[in-house]
Amino acid sequence: MNKSIPCVLMRAGTSRGPFFLREWLPEGDEARDQAFIGAIGASDPLQLDGVGGGSTLNSKVAIVSRSSRPGCDIDYLFAQVGVGHQSVDTRPNCGNMLSGVAPFAIEQGLVSATDGTTNVRVYNVNTGSRIDVTVRTPGGRVTYEGDARIDGVAGTAAPILLNFLDAWGAVTGKVFPTGKRIDTIDGIQVTCIDAAMPLMIVRAGDLGVTGREKPAALDANTALLERLERLRLEAGRMMGLGDVSNSVIPKPVLVSAGESDDNITSRYFTPRKCHASHAVTGAIGVASAFALPGTVASGQARDPGRHRLVVLHPAGRIDIEVELNGCEDGATVERAALVRTARKIMQGELHLPEYVFSRPEPTGAELSTFPNKAFTIIVPTRAGGGNDTMARIIAAKLAPLLGQEVVVDNRAGANGAIASEYVARSAPDGHTLMFGYVGTHAMNPALQRLGYDPVEDFAPIGLVGSSPTLMVTHPEKGAPDLDTLIARLMDSPRRFSYASAGDGTPPHFAAELFQLSSGTSMSSSTFEGAAPAIADTVAGRSQVMFPSLFTAYPFIRAGQLRALGVAGPKRLEALPEVATLAEQGVSGLDVEQWYGLFAPAGTPPASIDRLNRALNQVLCDPEVVARFQSHGARAEPGTTEALAQRLQRDLERWRKVVARARIAPKEQSQLALY
């Protein structure tokens with residue numbers, strides 16, 4: 001395979017990336033994607049070994065070819081390349097990179113230029129939509145010099161007009177994929193719209209922010225980001241996009257009032273980081289929701305015809321001309337046009353590194369073909385909780401060390417039994433892993449008979465970390481302190497409801513032990529994981545929960561939850577003012593949550609050893625340690641034996657607790673379902 005290929009590096013709109021003719025690239029999608037990974041330098045978060053810039057904004061690739069579609073001149077395929085992990089995603093689209101496509105195609109001889117301006121009809125392969133692009137070509141040659149200015153880019157350049165013709169519903173088949181212009185998710189009104197890019201739009205004020213904050217301030221708001229991601233995951237499902245936890249669409253957007261009736265303020269996320277300016281396709285979507293009635297972004301009523309609208313973003317503004325047809329609920333957007341600029345930075349030969357195409361064989365017969373495909377880490381809870389967050393932190397870091405993509409797959413249900421049984425029955429080749437924790441491997445097995453054995457069916461790889469358990473309450477609908485809560489429960493049993501992540505999980509065990517020790521009684525609400533359970537508590541529908549500090553800390557810092565006590569032997573460094581439950585007279589609660597990585601039993605020892613070494617390297621990474629600590633958890637690198645001993649010790653302990661406290665599942669009849 002040729003490791004040197006032609007390349008043109010361009011700044012297109014407010015993005016930057018390499019542009020390729022399809023014929024320059026290796027045959028086959030897999031080899032093509034490996035070339036992109038090498039070109040960008042995706043394995044390294046800083047992308048020092050490629051032309052990327054350590055950000056999703058400049059980890060983009062454009063592939064251009066002649067179009068065989070009637071009425072179209074060229075095909076444009078966009079690819080988003082990973083930052084710090086080897087991944088290539090061709091599901092989204094990028095309107096900024098689109099602004100460089102027509103100039104590139106003209107200069108490569110795919111389209112003949114005319115004197116003055118040249119019109120090029122582009123077919124976007126990602127979305128199946130068409131865009132008319134007008135480029136300045138004085139004397140039949142592309143010029144990048146001009147007086148057009150776009151916010152977020154220094155200087156001026158020649159204007160490039162993008163006229164979107166049929167981008168509405170291009171990905172999902174409908175402008176409003178859910179069938180509604182406003183949906184409610186977890187008590188928050190959202191608009192799910194497919195207009196040039198699938199978006200989930202939320203009023204900023206509904207999430208407790210103004211929508212005018214700088215990107216850095218929004219990125220630092222951990223609770224906001226986690227809430228947005230939970231909303232996005234559910235929106236993706238409702239839009240028919242399936243599990244979007246490993247996809248960048250739909251993009252979440254916060255909107256707020258603009259400076260006049262014709263503009264709207266937007267904060268666009270990519271999706272887990274606020275855009276420094278704004279994506280073009282995202283601006284089309286926001287402007288469409290702003291122009292149409294009945295959405296969370298709707299402005300004043302507008303008559304059919306052309307309207308000049310403005311999307312205000314952190315770096316300035318994007319002016320968009322929108323053409324409406326029809327009125328009120330029958331109104332539709334027929335087209336949208338805006339101006340971008342582009343600049344050719346360099347043209348030459350790009351040298352691809354050898355490692356992205358072939359990797360040196362490990363020593364030892366068992367490892368001769370390991371790893372030979374992507375890894376999947378099965379998480380037993382829904383996305384957004386502590387387990388899921390930890391798994392995604394380590395997955396991003398494991399990928400470059402193992403030389404393969406590491407995918408996180410959430411398989412919630414049956415209190416972790418569905419995920420555990422799936423991994424236990426998977427091929428023992430080391431590529432399907434389990435993000436287990438004290439609930440799946442000690443508490444739930446101690447509580448009830450399951451379809452898997454936590455010891456016999458798994459090969460321990462290593463501990464990931466641990467986090468103490470807290471008792472938290474809703475600041476308004478709960479109680480101001482532990483004594484008051486107990487007193488109110490004594491006066492009115494079951495007055496409060498506790499949220500549980502499921503039978504046999506730490507929040508369930510801690511709540512049951514608390515009631516036994518304090519002589520109180522609470523009603524319970526059971527959820528598939530800590531994420532929906534804590535969301536219910538934050539909303540005040542449940543008033544009490546016993547989450548890990550890792551799960552609860554962002555909400556405590558944001559004032560959305562109040563910590564009443566530590567369910568452990570000592571106070572926490574992160575919350576030194578919060579006393580232990582024992583200090584406050586409620587003894588017998590020592591519920592520390594640990595997390596570990598497992599493979600199916602029978603996985604070759606050499607594969608386990610390699611995975612353990614990679615995991616420990618990740619857990620010693622200062623960035624990972626800091627991210628764990630920021631959530632109140634600690635990383636715990638160690639041996640496979642250390643995890644095996646921890647599992648066995650806790651399994652025996654919780655079996656004794658179940659017998660002594662007579663804790664039992666609430667719905668035994670459901671066990672037959674799994």
Side-chain angles (χ1 to χ4, degrees), residues 11 13-17 44-48 52-60 80-85 92 94 96 150-154 188 197 199-232 248 250-259 263-283 286 310-318 384 389 392-393 396-397 550 553-560 574 621-632:
R11 190 273 299 163
T14 55
S15 296
R16 190 194 72 218
D44 173 16
L46 298 178
Q47 299 179 335
L48 295 175
S55 164
T56 55
L57 300 184
N58 35 40
S59 298
K60 302 182 175 186
Q80 180 72 62
V81 183
V83 180
H85 54 93
C94 179
N96 275 302
I150 62 172
D151 290 328
V153 177
I188 299 297
M197 173 73 74
L199 304 177
M200 177 200 71
I201 305 177
V202 186
R203 298 184 190 96
D206 289 351
L207 293 182
V209 294
T210 67
R212 294 180 176 81
E213 292 86 353
K214 293 182 178 179
L218 294 174
D219 291 343
N221 190 337
T222 308
L224 171 69
L225 296 181
E226 292 178 351
R227 186 78 186 278
L228 264 181
E229 181 62 8
R230 290 196 299 271
L231 294 173
R232 188 184 79 89
V248 297
K251 298 290 180 68
V253 183
L254 298 179
V255 294
S256 56
E259 298 168 347
N263 56 57
I264 184 171
T265 301
S266 175
R267 293 296 182 265
Y268 181 88
F269 291 77
T270 64
R272 297 172 182 86
K273 185 179 179 65
C274 185
H275 201 298
S277 54
H278 209 290
V280 167
T281 47
V286 171
V310 177
V311 174
L312 303 174
H313 57 78
R317 56 188 280 159
I318 297 177
T389 303
R392 293 181 188 281
I393 291 173
K397 293 288 187 176
F550 191 89
Y553 196 40
F555 300 99
I556 294 172
R557 287 189 300 180
Q560 295 173 290
D621 186 319
E623 181 185 348
V624 172
V625 172
R627 290 187 68 182
F628 275 33
Q629 288 177 342
S630 70
H631 284 73

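Source: prediction; values computed, not measured.
- Across Q560 and A223, no two heavy atoms sit closer than the pair OE1-CB, 3.8 Å.
- For the pair V286/L199, a side-chain contact is recorded, criterion being any heavy-atom separation below 4.5 Å from C-beta on.
- How far NE2 of H275 is from CG of N96: 6.0 Å, rounded to the nearest 0.5 Å.
- Between A276 and P215, the closest heavy-atom pair is CA-CG, 4.2 Å.
- Side chain of E213 to main chain of G211: a donor-acceptor pair is present (N/O by atom type, distance under 3.5 Å, no hydrogens or angles).
- The side-chain heavy atoms of S266 and H313, taken from C-beta on, include no pair separated by under 4.5 Å.
- Between I188 and L207 the shortest side-chain heavy-atom distance falls below 4.5 Å.
- Both the sub-6.0 Å distance and the 45° axial angle are satisfied by R557 relative to the ring of Y553.
- Looking at heavy atoms from C-beta onward, C94 lies in side-chain contact with S15 at the 4.5 angstrom threshold.
- Considering only heavy atoms from C-beta on, I264 stays 4.5 Å or farther from L312 through its side chain.
- A side-chain donor-acceptor contact under 3.5 Å links T265 to the backbone of A257.
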Run the side chain to side chain contact (heavy atoms under 4.5 Å, CB included) check on V209 and L254 step by step: do they pass? CA-CA 9 Å; V209 294; L254 298 179; 3.9 Å; yes

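- In this structure, G13 and V153 approach most closely via the heavy-atom pair O-CG2, 3.4 Å.
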Run the side chain to side chain contact (heavy atoms under 4.5 Å, CB included) check on Q47 and S59 step by step: do they pass? CA-CA 9 Å; Q47 299 179 335; S59 298; 2.8 Å; yes

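- Residue R627 qualifies as open at atom CZ: its count of foreign heavy atoms under 6.0 Å is 12 or below.
- A donor-acceptor contact shorter than 3.5 Å links the side chain of N58 to the backbone of G53.
- The two residues Y268 and K251 come nearest to each other via the heavy atoms OH-CG, 3.2 Å.
- In this structure, the side chain of E229 does not engage the main chain of L224 through any donor-acceptor pair within 3.5 Å.
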Start with the C-alpha distance between D151 and R317, add both sets of side-chain angles, then the distance that settles salt bridge (charged side-chain N to carboxylate O under 4.0 Å, His left out), and finish with yes or no. CA-CA 6 Å; D151 290 328; R317 56 188 280 159; 5.5 Å; no

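- Taking both residues in full, the closest heavy atoms of M197 and G282 are given as CB-N, 4.4 Å, listed atom of the first, atom of the second, then distance.
- R267 places a side-chain N or O within 3.5 Å of a backbone atom of R212 that can act as its donor or acceptor partner.
- Atom-to-atom distance recorded for L228:CG and C274:SG is 9.5 Å, nearest 0.5 angstrom.
- Taking the side chain as every heavy atom from C-beta outward, R232 and R227 never approach each other to under 4.5 Å.
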Might you work through the side chain to side chain contact (heavy atoms under 4.5 Å, CB included) test for K397 and V624, ending with a clear yes or no? CA-CA 9 Å; K397 293 288 187 176; V624 172; 3.7 Å; yes

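- In terms of heavy-atom proximity, M200 sits nearest to P250 at N-CB, 4.2 Å.
- For the atom pair F555 CZ and E226 CD, the distance stands at 5.5 Å (nearest 0.5 Å).
- Side-chain atoms of Q80 never come within 3.5 Å of backbone atoms of K60 as a donor-acceptor pair (strictly under, hydrogens ignored).
- Using a 4.0 Å cut-off between a side-chain N of Lys or Arg and a carboxylate O of Asp or Glu, K273 and D219 qualify as a salt bridge.
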